[in-house]
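I'd like to ask you about the structure that follows.
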Amino acid sequence: MKKSLFLVILTILCSCHSRHQGVVSDDCDTVALKYATHISIVKHHDFTVVKLADPWNTGKTLHTYVLVPADKELPAHLPDGAVVRTPLKRAVVATSVHCSLVIDMGKGTSIGGICEPQYIHIPYIQDQLQKGSIADCGSGMAPTVEKIIDMQADAIFLSPFQNSGGYGKVEELKIPIIETADYMETSALGRAEWMRFYGMLFGCEQKADSMFAEVEKGYMELKALAKTSADKRSIMMDKQTGAVWYVPGGQSTLGGIFADAGIDYPWKDDDHSGSLALPFESVLEKAEHADIWLFRYNSPHDITFKELLSDNAGYKQFKAFTDKEVYGCNTASSTFYEETPFHPNLLLRDFICIAHPDLQLGEPRYFKKLHE
């Protein structure tokens, strides 16, 4: 009994112990994350272990990465996981969102390839594609293996999906696949905090930490400001697509930003973190009296009230439509998708500008009021 107790005490003393900045010891230092819930980062002397929780299977791990500096010899003993030599120099980055973040971190030259360039409206990326400095690796769902081999990619950034069945031939390349599961975080700052992980991958950890601190500071200041507004308004989001109207779930990142902006949302009590696929009648029943209507669309020109009504005559039944309190975000000409995932403070500001004009923050960045 005494021997067992001694072993327990010895194990505790030899393991990482808690202090203000996280969990540390001679062997490891657990990075303290304030908002992200689907990622953990533990630094060791010669390497860093990053674990991504499986957002679709509670308690399971989606992926484990072992980050080892490229200028050091590979340690003889490493934990299980995909070894990533850092900093990355020739990464394939599949999404516009992550391309934008890498460029913001000052590491645009480390993007060696991209997927589906028709959806990446970033001048730097398009310019480098034309020059041949960045390779077009085809579809994000099935990247062109030959291109990835030719460019000698050192990592591939791909978005995981539930029941996707894996990444096909790309998995056979023995190149680390960085699963960008940040979009499954349930808070806006939680998703944004993943930039700290991405900064480690590209060798700009301090820059990424500084960027996140600035985003957090701006977000929290705006959240506090929203509470001072005398305006209490409600909002409805997006519009019907085919037979379905997708609205953000109550526990989604957008749902959280609505709450932080001091805006009432008809689905605030819903417990879904993704989107809800609803028929028109369900949206009308729930959001008929919403004060403001915001939606995103992709068009060569800015949409008008007349065009909106021609899409669906039923829109005129909404209070926001009759009051002309409708705002559209044209994603073909704005940087909404490139910026807002990792800069949610910018989106929060838009919502406050629109819902709380008494605070006089000026014009919104992404959403424009519709004209006749």
Side-chain angles (χ1 to χ4, degrees), residues 95-97 119 121 183-188 191 233-261 263-341 343-344 346-355 364-371:
T95 68
S96 180
V97 170
Y119 298 119
H121 308 299
Y183 76 96
M184 288 300 294
E185 290 286 344
T186 56
S187 73
R191 181 179 190 181
R233 307 173 78 188
S234 56
I235 194 170
M236 56 185 282
M237 193 73 190
D238 289 326
K239 59 189 182 75
Q240 188 166 345
T241 303
V244 177
W245 192 322
Y246 293 97
V247 302
Q251 299 302 310
S252 66
T253 54
L254 277 178
I257 299 177
F258 293 149
D260 291 341
I263 308 173
D264 189 36
Y265 181 53
W267 287 271
K268 62 184 177 184
D269 296 325
D270 171 77
D271 60 2
H272 291 86
S273 58
S275 295
L276 304 174
L278 303 174
F280 179 90
E281 293 75 18
S282 295
V283 177
L284 179 63
E285 179 183 359
K286 198 88 169 174
E288 179 181 0
H289 301 292
D291 299 303
I292 307 163
W293 181 8
L294 272 62
F295 66 87
R296 294 160 289 185
Y297 67 101
N298 186 293
S299 172
H301 64 274
D302 290 345
I303 197 170
T304 64
F305 274 103
K306 184 177 181 181
E307 289 176 284
L308 188 60
L309 200 59
S310 69
D311 286 345
N312 190 332
Y315 289 152
K316 63 184 177 182
Q317 299 177 71
F318 290 95
K319 176 182 182 294
F321 185 92
T322 57
D323 290 350
K324 298 296 189 286
E325 282 294 313
V326 184
Y327 298 77
C329 171
N330 190 348
T331 58
S333 56
S334 80
T335 51
F336 178 91
Y337 287 121
E338 288 80 7
E339 294 178 344
T340 60
H343 298 277
L346 299 179
L347 184 55
L348 177 60
R349 181 189 175 277
D350 256 33
F351 291 162
I352 294 174
C353 286
I354 294 168
R365 182 184 183 93
Y366 307 107
F367 289 90
K368 295 180 180 179
K369 199 167 190 177
L370 262 63
H371 298 291

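No experiment lies behind these values; they were computed from the predicted model shown.
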- request: Measure from the side-chain N and O atoms of Ser252 to the backbone N and O of Gly255, and report whether any donor-acceptor pair falls under 3.5 Å.
  value: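 Judged by distance alone, yes, a pair lies under 3.5 Å.
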
- Does the Arg365 side chain pair with the main chain of Arg349, one donor and one acceptor, at a distance under 3.5 Å?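 Between the backbone of Arg349 and the side chain of Arg365 there is no qualifying donor-acceptor contact (under 3.5 Å).
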
Closest approach of Ser273 to Thr186 (non-hydrogen atoms, all atoms of both residues):
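For Ser273 versus Thr186, the nearest heavy atoms are CB-CG2, 3.7 Å.
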
**Q.** Closest non-hydrogen atom pair, Tyr366 against Leu347
**A.**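 Looking at all heavy atoms of both residues, the closest pair is CE1-N, 4.3 Å.
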
Where do Lys286 and Pro266 come nearest, in terms of heavy atoms and distance?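 Residues Lys286 and Pro266, closest heavy atoms: CE-O, 3.0 Å.
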
* To do: Enter the distance from Ile292:CD1 to Ser234:OG here, rounded to the nearest 0.5 Å.
  =>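 That separation rounds to 7.0 Å.
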
Considering all heavy atoms of both residues, which atom of Leu278 and which atom of Val247 are nearest to each other, and what is their separation?
->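 Scanning both residues completely, I find the closest heavy atoms to be CD1-CG2, 3.7 Å.
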
**Request:** Looking only at non-hydrogen atoms, find the nearest pair between Pro248 and Trp267 and report the distance.
**Result:**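 Looks like O-CB, 4.3 Å.
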
Applying ring-ring contact (aromatic ring centres under 6.0 Å, His included), run through Tyr265 and Phe258 and close with a yes or a no. CA-CA 7 Å; Tyr265 181 53; Phe258 293 149; 4.8 Å; yes

| said: If you define the side chain from C-beta out and look only at heavy atoms, does anything of Ile303 sit under 4.5 Å from Asn330? | reply: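 Not in contact.
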
Are any non-hydrogen side-chain atoms of Phe351 and Asp260 less than 4.5 angstrom apart?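 Counting from C-beta outward, Phe351 and Asp260 never come under 4.5 Å.
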
key: Nearest atoms (heavy-atom pairs only) where Ala290 meets Ile235   =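 Result for this residue pair: CB-C, 4.0 Å.
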
Qualifying salt bridge (charged side-chain N to carboxylate O under 4.0 Å, His left out) pairs with a residue from residues 300-309, counting only residues at least two apart or across chains: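 Counting only pairs at least two positions apart or across chains, the salt bridge (charged side-chain N to carboxylate O under 4.0 Å, His left out) contacts touching residues 300-309 are Asp302-Lys368.
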
- prompt: Relative to each other, are the rings of Phe321 and Phe305 parallel, tilted or perpendicular (30° and 60° limits)?
  reply: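 Rings of Phe321 and Phe305: perpendicular, over 60°.
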
Passes side-chain contact (heavy atoms from CB on, under 4.5 Å), Thr335 versus His343? Steps please.
CA-CA 11 Å; Thr335 51; His343 298 277; over 6 Å; no

Inset, instruction - Enter the distance from Asn298:CG to Tyr337:OH here, rounded to the nearest 0.5 Å. - result: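 Going from the CG atom of Asn298 to the OH atom of Tyr337 covers 8.5 Å.
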
Looking at side-chain heavy atoms only, is the closest gap between Phe295 and Val326 below 4.5 Å?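 The answer is yes, as the side chains (C-beta and beyond) meet within the 4.5 Å cut-off.
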
Q. Can you find a pair of side-chain heavy atoms, one from Trp293 and one from Leu308, that are under 4.5 Å apart?
A.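 Yes, at least one pair of side-chain atoms sits under 4.5 Å.
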
(Q) Less than 3.5 Å apart, any donor N or O on the side chain of Glu325 or Tyr327 sitting next to an acceptor on the other? (A)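 Yes, Tyr327 and Glu325 have a side-chain donor paired with an acceptor closer than 3.5 Å.
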
ask   = To the nearest 0.5 Å, what is the distance between OG1 (Thr340) and CG (Asp350)?
value =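 It is 9.5 Å, given to the nearest 0.5 Å.
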
Query raised in the report: Parallel under 30°, tilted from 30 to 60°, perpendicular over 60°: which one fits the rings of Tyr315 and Phe280?
Result: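 Tilted.
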
Would you give me the side-chain donor-acceptor pairs under 3.5 Å for residues 237-245, sequence neighbours excluded?
from: Asp238; atom 1: OD1; to: Arg296; atom 2: N; distance (Å): 3.1
from: Asp238; atom 1: OD1; to: Arg296; atom 2: NE; distance (Å): 3.2
from: Asp238; atom 1: OD2; to: Arg296; atom 2: NH2; distance (Å): 2.6
from: Gln240; atom 1: OE1; to: Asn312; atom 2: ND2; distance (Å): 3.1
from: Gln240; atom 1: NE2; to: Gly242; atom 2: O; distance (Å): 2.9
from: Trp245; atom 1: NE1; to: Met237; atom 2: O; distance (Å): 3.1
from: Trp245; atom 1: NE1; to: Asp238; atom 2: O; distance (Å): 3.2

Q: Would you please test Phe318 and Val283 for side-chain contact (heavy atoms from CB on, under 4.5 Å) and show each step?
A: CA-CA 10 Å; Phe318 290 95; Val283 177; 4.2 Å; yes

Got more than 12 heavy atoms from elsewhere within 6.0 Å of NZ, Lys316?
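Incorrect, the count does not exceed 12.
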
Worksheet item: Is Asp323 reaching over with its side chain to a backbone N or O of Asp291, donor-acceptor style, under 3.5 angstrom?
Response: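 No.
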
Problem set entry | Value rounded to 0.5 Å, distance of OG1 in Thr95 from CD in Glu338 |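 Thr95 atom OG1 to Glu338 atom CD measures 9.5 Å (nearest 0.5 Å).
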
Has Thr331 got a side-chain atom pairing as donor or acceptor with Tyr297's backbone, closer than 3.5 angstrom?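 Here the side-chain-to-backbone pair exists.
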
query: For Phe336, does the CZ atom sit with more than 12 other heavy atoms under 6.0 Å from it, leaving out its own atoms?
result: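 Yes, CZ of Phe336 has more than 12 neighbouring heavy atoms, counting only those of other groups under 6.0 Å.
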
According to side-chain hydrogen bond (donor to acceptor under 3.5 Å, both in side chains), who are the partners of Asp270, at least two apart in sequence or on a separate chain?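 side-chain hydrogen bond (donor to acceptor under 3.5 Å, both in side chains) check on Asp270 returns His272.
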
